[in-house]
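Please read all numbers here as calculations on a predicted model, not as lab measurements. Just so you know, ligand 1 is whichever comes first in the structure, and atom 1 is the first atom listed for that ligand.
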Amino acid sequence: MFRKFRILPTRRGWKKFLLLVAFASFACCVIHMRIKLTIDHSWLDFTDIEPEDKCNCTKILQQDPEEIEQAKILSITVDFRKKIRTTDEQFIELARDCDKFIQMRKYLTTPLTQEEEEFPIAYSIVIHHKIQTFERLLRSIYAPQNFYCIHVDKKSPPSFLSAVLRITSCFENVFISSRLENVVYASWSRVQADINCMKDLYSRNTTWKYFLNLCGQDFPLKTNLEIVRKLKALKGKNSLETEKTPAGKEVRWKKHHEVVKGVLERTNKDKDPPPIDIPVFCGGAYIVVTRDFVGFVLKDPKALKFIEWAKDGYSPDEFLWATLQRMPSTPGSIPSNFRYDVTDVNSIARLVKWQFFEGVQSKGAMYPPCSGRHVRAVCVYGAGDLGWMLQQHHLFANKFDTDMDPFAVRCLEKYLRHQALKALI
Ligand SMILES: *[C@@H]1O[C@H](CO)[C@@H](O)[C@H](O)[C@H]1NC(C)=O
Ligand SMILES: *[C@@H]1O[C@H](CO)[C@@H](O)[C@H](O)[C@H]1NC(C)=O
């Protein structure tokens with residue numbers, strides 16, 4: 001009546017049963033290991049080992065006033081400032097053993113996703129001092145599939161150049177520009193530095209899709225994956241500020257300028273009219289452009305003629321890129337009609353807080369007041385700016401200075417690394 005059913009196998013079935021159990025546990029183990037190998041990147045998260053970690057970044061990003069005040073006080077404490085200072089020599093020592101350096105500083109050694117691997121980015125980084133700021137910027141944007149050209153000012157102290165050299169020697173895809181300029185404020189040399197890197201990057205590898213230029217005081221607001229997705233969304237267009245030249249700024253390209261004793265001076269000599277069929281536009285030094293745009297800048301006869309004409313202007317970076325971006329033959333450009341103007345807020349290239357436009361947003365100001373300090377009417381961000389900054393669409397922000405507020409960079413780098421790893425789970 002009751003059917004006998006067995007849980008345990010018959011005497012003869014034992015061998016088979018054991019084999020099955022052994023195989024099953026082996027398979028489980030392999031699957032488990034694979035999952036662990038592909039998912040567990042948690043050791044790459046930045047842990048609380050720096051002096052800056054005295055402040056709670058979660059609270060700072062949530063705009064907690066007490067935590068932000070605490071960060072402000074620490075930033076100006078002599079003892080604390082001493083603790084966070086790192087010299088060129090210390091970096092030269094640190095990067096002596098590259099394997100150790102890469103591991104200790106937690107550089108990424110593999111592309112985090114296939115999507116990023118298939119979309120390499122080329123960077124030009126123009127710097128002249130502050131090795132620690134540079135290294136932290138590099139670490140924050142570093143991915144093995146990207147390319148990084150570093151332009152070090154010819155005037156930089158030898159120890160700074162040595163430290164940069166030592167760091168770059170640890171990576172195959174990071175290198176110092178083959179031609180270094182003596183960069184004079186507001187002069188052509190600033191643009192030439194970027195063009196030198198464009199040349200090096202263009203011939204080094206054909207796989208990269210977009211070119212971005214940075215300076216030492218920039219820091220990313222997005223992870224590499226987020227940057228890749230934003231670049232893809234541009235669909236082959238460039239993104240940079242380009243607007244009608246405001247009254248009074250024409251003198252910058254109507255008069256001939258000269259470097260005298262290391263300073264750019266305006267002369268009374270008139271420049272020839274620009275060799276183009278469109279007006280001269282006004283913009284910024286920072287651009288997000290396609291590989292074809294870079295090829296155009298390096299090779300197109302019309303572009304080269306315009307570049308030649310721009311060389312004796314004042315701050316030529318602020319009209320050169322903006323105007324090229326409106327020429328019909330430029331790859332990724334937009335029409336010159338004024339309705340296509342792009343402000344710095346609308347471009348994704350750079351977030352900058354200008355002192356004149358700060359205030360109460362509900363009363364028409366462009367952005368809330370700077371929580372750090374102003375240098376030449378530009379905000380050097382403080383920890384209190386982060387919460388707002390991370391809601392903006394820009395890929396990078398300017399300016400950061402770890403000497404003025406080390407918490408802004410610390411909280412940003414921790415946040416970005418955490419976001420990058422979180423996206424993998
Ligand atoms: C930092 O602040 C957050 C939010 O208040 C809290 O959850 C977390 O435990 C704090 N972390 C540390 C290390 O105190
Ligand atoms: C370009 O970069 C990719 C990825 O790093 C590499 O596989 C390829 O060999 C490079 N090509 C050239 C021409 O260097």
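At a heavy-atom cutoff of 4.0 Å, ligand 2 is contacted by the backbone of Arg204 but not by its side chain.
Between Phe293 and Phe211, the distance separating the two ring centers is not shorter than 6.0 angstrom. Between Phe171 and Tyr107, the gap from one ring centroid to the other is short of 6.0 Å.
When the options Ile60, Leu61, Thr58 are ranked by their closest heavy atom to atom 4 (C) of ligand 1, first place goes to Thr58. Of the candidates Asn173, Asn146, Asn205, it is Asn205 that places a heavy atom closest to atom 2 (O) of ligand 2.
Counting only N and O atoms by type, the side chains of Gln90 and Thr87 include a donor and acceptor under 3.5 Å apart.
Listed by number with element, the atoms of ligand 2 under 4.0 Å from a non-hydrogen atom of Phe147 are 2 (O).
There is no protein heavy atom closer than 4.0 angstrom to atom 13 (C) of ligand 1. When distances from atom 9 (O) of ligand 2 to the protein are checked, no heavy atom turns up under 4.0 Å.
The pair Arg229-Glu115 counts as a salt bridge, with a side-chain nitrogen and a carboxylate oxygen less than 4.0 angstrom apart.
The single protein non-hydrogen atom nearest to atom 5 (O) of ligand 1 is Lys59 CE, 3.5 Å, given as residue, atom name and distance. Counting protein heavy atoms only, atom 1 (C) of ligand 1 is closest to Asn56 ND2, 1.4 Å.
Arg417 places a side-chain N or O within 3.5 Å of a backbone atom of Lys106 that can act as its donor or acceptor partner.
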### Task
Report the C-alpha distance between Lys244 and Asp341 in whole Å, list the side-chain angles of each, state the deciding distance to 0.1 Å, and finish with yes or no for salt bridge (charged side-chain N to carboxylate O under 4.0 Å, His left out).
CA-CA 7 Å; Lys244 181 177 156 55; Asp341 280 8; over 6 Å; no
